[in-house]
Undergrad: 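Let me give you the structure first, and then I'll get to my questions.
Computed from heavy atoms alone, side chains included, the values below leave out hydrogens, waters and symmetry copies. Ligands are counted one by one from 1 in listed order, and the atoms in each one are counted from 1 as well.
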Amino acid sequence: NSAQSYLTAPLSRRASIAVDVGGVIVGGGAPVVVQSMTNTDTADIDATVAQVAALNRAGSEIVRITVDRPESAAAVPRIRERLDRLGIDVPLVGDFHYIGHTLLADHPDCAAALAKYRINPGNVGFKDKRDRQFTQIIEQAIRYDKPVRIGVNWGSLDQELLTRLMDENQAKGSPMTAREVTREAIIQSALLSAELAEEIGLPRNRIILSAKVSQVQDLIAVNLELALRTNHALHLGLTEAGMGSKGIVASSAAMGIVLQQGVGDTIRISLTPEPNGDRTREVIVAQELLQTMGFRQFLPVVAACPGCGRTTSTVFQELAQTIEGDLRRNMPVWRDRYPGVENLQVAVMGCIVNGPGESKHADIGISLPGTGESPAAPVFIDGKKAKTLRGPNIAQDFQALVADYIEQ
Ligand code: SF4
């Protein structure tokens, strides 16, 4: 539309059906939900409770746990009880593959304790067994009034469906590439499974769909297309995204583009943990993605310049890190004590070139002296110069000013 300017274009969200996952609303215009998954053996109750608690403390609003065998199914109600005793009410999702139908049937306490069941339609069984076993899981969801996520995964795609679509494409003279047919099979697997679940009697507002792939362009294509064909709530995730910065960049690029189109009701960032790595990193990255795009506000923003030849010391980077660490550590308490603290903007700048300007845009900002500048650091509060800090304790003095500002 030539009359529409990018400067004034509103961000709009796709209309999807809201699903209640243990009190957390996914879809229907609700804020995009951050979720994560444990990597403990669910049968190890202590380890799983500790990791669910850590993920929830970091900001995960839903946590998924593997339910792969009778021992883990038996552990689920005990994990739920322990979390409840700790005052942690985060909804738990059971991740089922292959034998989910028998685990749910044999462990009614597990079926009741979970807030949602994740079903992978690619591995509920083959041929005649597939529909029967899928039906059994859906019947448990109806019995316990639980939502399900029908989670299609590129790596475990329904091979019968894929083969049929490949044959049909061949019969038509192969207008689509193998990759395009695979994308179509992922979408159809999700939609046909959702249709079957509804035929069995699961209401539409108990179904979330996901289509996970490992390539950025596939994730964008599949999810935007899926959003055109259904109004089910969508869970986004790039699977096997990779380690370290590669996984973060790939997930952010893919999901950022889909979210920008208004598509996606809940996200999980899947990062391969470094050995002994911190599992909560995936939650922090998900929050940062939603926050940097302006969809949600979880934590105050600390803006810091990148530094350059005008600042040869590392004082300003260290101060920015310290302030951000203080804010993150104190947020669980400050969020209740000082409502709105998550909207705070702090600037920590390295020299006079952009320091005063950027600091004036923040709620509170400091412009540290660059190389050759006089050793004084003006502090700006609510857009006005409020103080000049000098001497060896500039960092601690600014930390105290930020804490004062929050309290006031
Ligand atoms: Fe360099 Fe100063 Fe800009 Fe920071 S504010 S990047 S120190 S010129």
Undergrad: Atom 7 (S) of ligand 1: which protein heavy atom is closest, and how many Å away?
TA: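 Nearest protein contact, heavy atoms only, for atom 7 (S) of ligand 1 is Thr311 CG2, 3.4 Å.
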
Undergrad: Does one side chain, of Gln317 or Gln321, offer a donor that lies under 3.5 Å from an acceptor on the other?
TA: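 Result is no, nothing qualifies.
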
Undergrad: Is the closest heavy atom of Gly370 to ligand 1 under 4.0 Å?
TA: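 Judged by the 4.0 Å heavy-atom criterion, Gly370 does not count as contacting ligand 1.
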
Undergrad: Among all protein heavy atoms, pick the one closest to atom 2 (Fe) of ligand 1 and tell me residue, atom and distance.
TA: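 That would be Cys351 SG, 2.3 Å.
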
Undergrad: Is it true that a side-chain atom of Lys146 and a backbone atom of Ala112 form a donor plus acceptor pair closer than 3.5 Å?
TA: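 A pair under 3.5 Å: yes.
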
Undergrad: Is it the case that atom CZ in Arg78 sees more than 12 heavy atoms from other parts of the structure closer than 6.0 Å?
TA: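 Result for CZ/Arg78: open.
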
Undergrad: Give me the residue, atom name and distance of the protein heavy atom closest to atom 4 (Fe) of ligand 1.
TA: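 For atom 4 (Fe) of ligand 1, the nearest protein heavy atom is Cys305 SG, 2.4 Å.
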
Undergrad: Report, in ascending order of atom number, the atoms of ligand 1 lying under 4.0 Å from any heavy atom of Arg310.
TA: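 Answer, ordered by atom number: 8 (S).
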
Undergrad: In terms of residue, atom name and distance, what is the protein heavy atom nearest to atom 3 (Fe) of ligand 1?
TA: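 For atom 3 (Fe) of ligand 1, the nearest protein heavy atom is Asn354 ND2, 3.6 Å.
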
Undergrad: Using only heavy-atom distances, determine whether the side chains of Ser156 and Asn120 contain a donor-acceptor pair under 3.5 Å.
TA: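 Yes, because at least one side-chain N or O of Ser156 sits under 3.5 Å from a partner of the opposite role on Asn120.
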
Undergrad: Under a plain distance cut-off of 3.5 Å, with no hydrogens placed, do Asp109 and His107 share a side-chain donor-acceptor pair?
TA: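 The answer is no; no qualifying pair exists.
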
Undergrad: Please state which protein non-hydrogen atom is closest to atom 1 (Fe) of ligand 1 and give its distance, to 0.1 Å?
TA: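 So the nearest neighbour among protein heavy atoms is Cys308 SG, 2.3 Å.
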
Undergrad: Report yes or no: does Glu61 contribute a side-chain atom to a donor-acceptor pair with the main-chain N or O of Val34 at less than 3.5 Å?
TA: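 Side chain of Glu61 to backbone of Val34: a pair is present.
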
